[in-house]
Amino acid sequence: MGINMSLSIIILAAGQGTRMYSDKPKVLHTLAGRPLLKHVYQTASALSHRGIHIVYGYGGEQVPETFPEFQVSWVEQKEQLGTGHAVQCTFSDIPDVDDVLILYGDVPLITQETLTTLVEAANDTGFSLLTAYLDNPKGYGRIIRDENDNVVSIIEEKDANEEQRNIREVNTGFMVVNGKKLKNWVNSLKNENKQNEYYLTDIVELAGNDGVKATPVIVESTIEVQGINTRSQLAESERYFQLVQAHHLMHNGVGIIDPARFDLRGELEIGRDNEIDINVVIEGRVKLGNNVTIGSNCYLKDTIISDNVHVLPNTMIDNAVIGNGCRIGPFARIRPETTLSENVHIGNFVELKKTDIGKESKVNHLSYLGDSHVGTGTNIGAGTITCNYDGANKHQTIIGDDVFVGSDVQLIAPVKVDNGATIAAGTTVTKDVAENELSISRSDQKSIPKWKRPVKK
Ligand code: UD1
Ligand code: CA
């Protein structure tokens with residue numbers, strides 16, 4: 001990469017985000033499951049740099065405490081006196097010789113490529129500026145150019161006259177400035193403007209007074225510089241980001257029925273011939289083997305799915321390992337710490353928690369198995385429930401190989417059903433069942449002949 005190690009990066013993240021109408025600092029709102037600030041941090045980290053400095057303020061320690069993994073220096077801006085003041089807060093940490101790249105915690109879609117271009121553009125004069133042409137420039141600072149097309153100043157919308165407001169070239173906020181120059185200019189900023197803030201943007205004019213021209217770089221893809229100020233903008237950026245991810249996956253061979261109805265909030269590792277139907281949400285880290293199909297309306301989180309697995313519609317799988325050839329759903333719920341071996345069938349309205357199930361076993365209808373172990377080739381009948389909780393503690397149910405559990409069975413844990421055992425329908429299992437035994441607990445059926453049903457009065 002053409003970037004040298006003498007680049008320092010500042011991320012501004014002290015603002016409240018008034019227009020989100022939220023108690024949460026704006027940079028903690030999430031895009032594709034990740035806080036906005038994390039997107040920016042990850043992009044910054046990918047650039048070769050000397051250090052990253054994040055300016056935080058609104059929400060106090062909540063922001064740094066959310067990201068213990070960040071390798072940055074956190075700089076508190078106690079009062080939000082403007083973008084210039086925010087940058088100034090970091091100065092004791094910034095070497096004069098460095099180039100300084102300024103990023104925004106609430107502009108998450110900026111790419112490494114654009115930033116690399118911007119950093120390189122600063123090589124000429126020690127100052128480069130990212131601008132964009134917008135059809136609707138409302139809310140942004142406008143770029144003022146002279147008759148030779150040089151950028152001479154930036155005027156904030158609130159301070160602009162009508163003619164200036166018609167300018168479509170806007171300040172994206174991203175800039176690269178030589179450290180020493182940045183300090184000089186920022187230290188002489190004044191807050192004589194409509195908002196009584198120290199505007200970072202005023203350094204363009206100060207640079208001009210010193211004979212330094214800011215080199216403008218015009219960004220083509222304006223979504224990259226979209227700031228998140230409102231929940232609508234957040235949703236718009238989310239959709240854009242999701243489409244980019246979906247197309248990237250399709251490009252690598254995943255069949256996605258409708259990229260507009262696909263949501264990945266984390267990382268998806270793919271195999272060959274994966275097919276994903278509509279309205280699937282994937283969170284955390286999910287890995288798919290080869291020939292896996294995911295039906296419509298499924299939710300998968302932190303899960304490993306092996307080859308030839310079919311997840312049928314409306315199924316939730318959280319923190320599980322699914323073996324080759326399993327069929328799950330429709331309407332199944334697989335909860336954390338569940339492991340299915342090969343060719344297991346889990347059917348509708350079945351809930352599994354902290355349960356492992358051996359090869360070829362089936363739990364096809366309306367069951368709850370929690371804290372259990374099921375062997376191979378076992379059939380669990382409809383409506384079977386493990387009573388794993390006594391109101392205070394959780395207990396284990398162990399079911400062996402080749403067991404047949406009839407319908408509507410309750411297994412009162414802790415209990416063990418050995419290999420080859422048969423449990424009759426309707427049985428409440430309170431004692432261990434030995435190998436090849438039949439266990440039945442059922443009151444005798446009474447029959448009353450010629451029964452007269454009551455009639456309506
Ligand atoms: C700023 C620019 C404007 C540009 C726009 C692009 C200035 C004066 N204006 O305006 O030219 O078009 O961004 O999105 O720079 N922040 C702090 N501390 C502060 C103030 C702000 O950390 O005291 C942070 C905010 O959290 C935010 C960023 O700086 O991440 C920008 O601040 P904001 O108030 O949103 O500036 P804009 O009015 O959008
Ligand atoms: Ca903004």
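Just so you know, these numbers use all the heavy atoms, side chains as well, and skip hydrogens, waters and symmetry mates. One-based numbering, in listed order, for ligands and for the atoms of each. Note that the numbering runs from 1 along the sequence shown for the chain.
Under a 4.0 Å heavy-atom criterion, Val170 is not in contact with ligand 1. Residue contacts with ligand 1: Gly15 is included, with a non-hydrogen atom under 4.0 Å away.
Ligand 1 has an N or O atom lying under 3.5 Å from an N or O atom of Gln77, backbone or side chain. Every N/O-N/O distance between Ile154 and ligand 1 stays at or above 3.5 Å. Residue Gly141 has at least one nitrogen or oxygen atom sitting less than 3.5 Å from a nitrogen or oxygen atom of ligand 1, judged on distance alone.
Across the listed options Gln88, Glu156, Lys158, Glu197, Glu156 owns the non-hydrogen atom lying nearest to atom 38 (O) of ligand 1. Ranked by closest heavy atom to atom 19 (C) of ligand 1, the top entry among Cys89, Gly82, Gly57, Pro25 is Gly82. For atom 21 (C) of ligand 1, the nearest non-hydrogen atom from the set Asp202, Asn171, Thr83 comes from Thr83. Among Tyr58, Tyr199, Tyr104, the residue whose heavy atom lies nearest to atom 8 (C) of ligand 1 is Tyr199.
At most 12 heavy atoms of other shown residues, nucleotides or ligands fall within 6.0 angstrom of atom CG in Asp23. Within a 6.0 Å sphere centred on CD of Glu238, other residues, nucleotides and ligands contribute more than 12 heavy atoms.
Contacts between Leu81 and ligand 1 below 4.0 angstrom, taking non-hydrogen atoms only, involve the backbone exclusively. Contacts with ligand 1 closer than 4.0 Å are made by side-chain heavy atoms of Ala86 only, the backbone lying farther away. Here Thr172 has backbone heavy atoms under 4.0 Å from ligand 1, and that is the only part of it that gets that close.
One finds no salt bridge joining Lys287 and Glu267 here, because no Lys/Arg side-chain nitrogen approaches an Asp/Glu carboxylate oxygen to under 4.0 Å. The residues Lys194 and Asp159 are annotated as not salt-bridged, no charged nitrogen and carboxylate oxygen being separated by less than 4.0 angstrom.
Of the possible polar contacts, one joining the Asp302 side chain to the Arg285 backbone as a donor-acceptor pair under 3.5 Å is found.
In this structure, Phe67 and Trp74 have parallel ring planes: the angle between them is below the 30° cut-off, well short of the 60° mark. In this pair, Phe174 and Tyr104 present their aromatic rings perpendicular. The plane angle is above 60°, beyond the 30 to 60° band.
Of the residues Lys353, Gln396, Lys354, the one that meets the side chain to side chain donor-acceptor pair (under 3.5 Å) test with Asp371 is Lys353.
Annotation: His395 is not in aromatic contact with Tyr389 [ring centroid separation under 6.0 Å not met].
The contact set between ligand 1 and Leu12, taken as ligand atoms under 4.0 Å from a residue heavy atom, comprises 22 (O), 24 (C), 29 (O), 30 (O).
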